[in-house]
Amino acid sequence: MARRFAALMVDWAACVAVSSLFADPVRDGWPPVVVLVAVYAVFVGLFAQTPGMWVAKIRCVSYADGGRIGVFRALLRGLLLVLVVPALIMDGERRGLHDRLAGSVIVPLDGPTPAAARDR
């Protein structure tokens, strides 16, 4: 959980910095949130990790096959993540509701894919 939280804090700081280029994130709370959802959609969808996840050495992959989840599912995951509540509802595999609905899972960068871990 510490890696996930660290990754989110790195991503959030970057999103606040980027959004400050076109809005006042202190006065308007929505610009960093919009940037965060966009970052999740692009980076998780195409590269399986955000810059914060790269720093924390974790990645977000498909629960079914360990591959990339694609932009649409990453966008869904990001939208659900900003609601906060889905992230707090976790199952035994530490998959939040946002991960279950998007069919994703967070794994260590050097760890096995979810399918390989289940096959053991």
Side-chain angles (χ1 to χ4, degrees):
M1 289 302 294
R3 283 184 181 190
R4 290 176 82 153
F5 186 72
L8 183 60
M9 290 300 98
V10 169
D11 290 336
W12 182 252
C15 290
V16 169
V18 168
S19 67
S20 70
L21 298 174
F22 62 88
D24 181 4
V26 174
R27 190 189 66 199
D28 299 320
W30 63 267
V33 174
V34 170
V35 173
L36 182 71
V37 170
V39 164
Y40 267 73
V42 172
F43 282 91
V44 172
L46 299 178
F47 308 111
Q49 62 184 174
T50 63
M53 290 177 180
W54 180 79
V55 169
K57 295 183 177 16
I58 58 177
R59 59 193 168 127
C60 180
V61 296
S62 171
Y63 184 71
D65 63 11
R68 293 185 182 108
I69 63 173
V71 175
F72 177 75
R73 287 180 14 192
L75 177 62
L76 172 64
R77 185 181 184 277
L79 289 170
L80 292 170
L81 182 64
V82 299
L83 295 176
V84 179
V85 174
L88 298 176
I89 302 169
M90 293 196 162
D91 62 13
E93 294 175 296
R94 293 194 172 187
R95 292 176 64 212
L97 185 56
H98 62 298
D99 280 320
R100 286 184 283 179
L101 292 173
S104 62
V105 64
I106 299 292
V107 296
L109 190 56
D110 56 355
T113 64
R118 284 192 304 271
D119 292 341
R120 288 186 191 176

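Since the structure is predicted, the reported quantities are computational estimates derived from the model, not experimental observations. What's counted below: heavy atoms across the whole structure, side chains too, no hydrogens, waters or symmetry copies.
Contact annotation: the side chain of Gln49 approaches that of Leu109 to within less than 4.5 Å [non-hydrogen atoms, C-beta and beyond]. Inter-residue side-chain proximity for Val37 and Val82 is flagged as met; some heavy-atom pair is nearer than 4.5 Å. You'll find the side chain of Ser104 stays beyond 4.5 Å of the side chain of Val61, heavy atoms only.
Taking every heavy atom of both residues into account, Pro108 and Arg59 meet most closely at O-NE, 3.6 Å. Scanning all heavy atoms of the two residues, the minimum distance from Tyr40 to Ala74 falls at O-CB, 3.5 Å. Closest of all the heavy-atom pairs between Val39 and Pro51 is CG1-CD, 4.4 Å. Across all their heavy atoms, Ser20 and Ala17 have their closest contact at OG-O, 2.6 Å. Of all heavy-atom pairs between Ile89 and Arg100, the closest is O-NH2, 3.4 Å.
Between atom CG of residue Leu75 and atom CD1 of residue Ile69 there is a gap of 10.0 Å, rounded to the nearest 0.5 Å. Here the straight-line distance linking atom OG of Ser62 with atom CZ of Arg68 works out to 12.5 Å at 0.5 Å rounding. Going from atom CG of Leu36 over to atom CG of Leu8 covers 6.5 Å, rounded to the nearest 0.5 Å. For the atom pair OG1 (Thr50) and CG (Asp11), the distance works out to 3.0 Å, reported to the nearest 0.5 Å. Atom-to-atom distance recorded for Cys60:SG and Phe43:CZ is 14.5 Å, nearest 0.5 angstrom.
Val16 and Met9 fall within the same hydrophobic cluster, where Ile, Leu, Val, Met, Phe, Trp and Tyr residues are linked whenever their side-chain heavy atoms come under 4.5 Å apart, directly or through other members. Note on Val33 and Val42: separate hydrophobic clusters, where clusters join Ile, Leu, Val, Met, Phe, Trp and Tyr whose side-chain heavy atoms are under 4.5 Å apart, directly or indirectly. When the side chains of ILVMFWY residues are joined at heavy-atom separations under 4.5 Å, either directly or via intervening members, Leu83 and Leu101 end up in a single hydrophobic cluster. If you chain together hydrophobic residues whose side chains sit under 4.5 Å apart, Val71 and Val35 fall into the same group. Under a hydrophobic-cluster definition in which Ile, Leu, Val, Met, Phe, Trp and Tyr are linked whenever side-chain heavy atoms come within less than 4.5 Å, directly or via other members, Leu46 and Val18 are assigned to the same cluster.
Sparse packing is recorded around CH2 of Trp54, with 12 or fewer heavy atoms of other residues, nucleotides or ligands lying under 6.0 Å away.
For the side-chain contact (heavy atoms from CB on, under 4.5 Å) criterion with Ile58, the lone passing option out of Asp110, Ile106, Val107 is Ile106.
Relative to the six-membered ring of Tyr63, Arg95 meets both conditions, a distance below 6.0 Å and an angle of at most 45° to the axis.
In the hydrophobic clustering, Trp30 connects to Val34, either directly or through intervening members, whenever side-chain heavy atoms lie under 4.5 Å apart.
The list of salt bridge (charged side-chain N to carboxylate O under 4.0 Å, His left out) pairs with a residue in residues 22-40, not counting sequence neighbours, is empty.
The pair Asp99-Arg4 counts as a salt bridge, with a side-chain nitrogen and a carboxylate oxygen less than 4.0 angstrom apart.
A donor-acceptor pair is defined here as one N or O able to donate and one able to accept, closer than 3.5 Å; no such pair exists between the side chain of Arg73 and the backbone of Gly45.
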